[in-house]
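Everything quoted here is computed from the prediction, not taken from an experiment.
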Amino acid sequence: MILSDGGRFWASRVKPFDSSVQGSGLNTPPFRTVDADTFTDLQIKVAEQEKATQAVVS
């Protein structure tokens with residue numbers, strides 16, 4: 001997790017998603033890196049990416 005100089009929270013996976021679940025485009029989840037205004041919102045966005053991974057695998 002990174003807190004930018006501008007006060008924005010960022011999280012990026014150390015290990016990229018497997019290519020079989022990677023989004024098909026720049027605007028298609030799951031995303032390896034997400035950002036948010038608050039730590040709570042960042043946690044929600046990270047959870048959404050993990051959920052998107054499961055949706056692709058299922």
Side-chain angles (χ1 to χ4, degrees):
M1 199 261 328
I2 301 166
L3 179 59
S4 72
D5 291 342
R8 193 142 179 92
F9 291 86
W10 293 80
S12 185
R13 289 178 128 249
V14 172
K15 182 179 178 185
F17 288 109
D18 184 272
S19 61
S20 65
V21 297
Q22 192 68 36
S24 61
L26 292 176
N27 295 318
T28 306
F31 302 111
R32 182 177 179 185
T33 303
V34 292
D35 65 311
D37 292 325
T38 68
F39 182 67
T40 299
D41 288 344
L42 183 65
Q43 290 174 303
I44 292 168
K45 285 191 171 187
V46 168
E48 289 171 348
Q49 302 318 301
E50 296 302 323
K51 186 175 180 181
T53 300
Q54 295 306 312
V56 173
V57 171
S58 299

**OP:** Any chance you could measure T38, atom OG1, to R8, atom CZ, to the nearest 0.5 Å?
**Re:**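 Those atoms lie 9.0 Å apart.
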
**OP:** Quick one: pull up CZ in F9 and CG in D37 and give me the separation to the nearest 0.5 Å.
**Re:**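 Going from the CZ atom of F9 to the CG atom of D37 covers 9.5 Å.
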
Subject >> For F31 against Q49, the heavy-atom pair lying closest together >> reply: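 Result for this residue pair: N-OE1, 2.7 Å.
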
Original post:
Below 4.0 angstrom, N of the basic side chain to O of the carboxylate: do E50 and R13 qualify?
Top reply: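 Counted as a salt bridge, because a side-chain N and a carboxylate O are separated by less than 4.0 Å.
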
Original post:
Picking from D35, V34, L3, what satisfies side chain to side chain contact (heavy atoms under 4.5 Å, CB included) with W10?
Top reply: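 One option only clears the test, and that one is D35.
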
Original post:
Is a side-chain donor or acceptor of K45 paired with a backbone partner of A36 at a separation under 3.5 angstrom?
Top reply: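 Not at all, since once roles are kept as given, no pair shorter than 3.5 Å links the two residues.
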
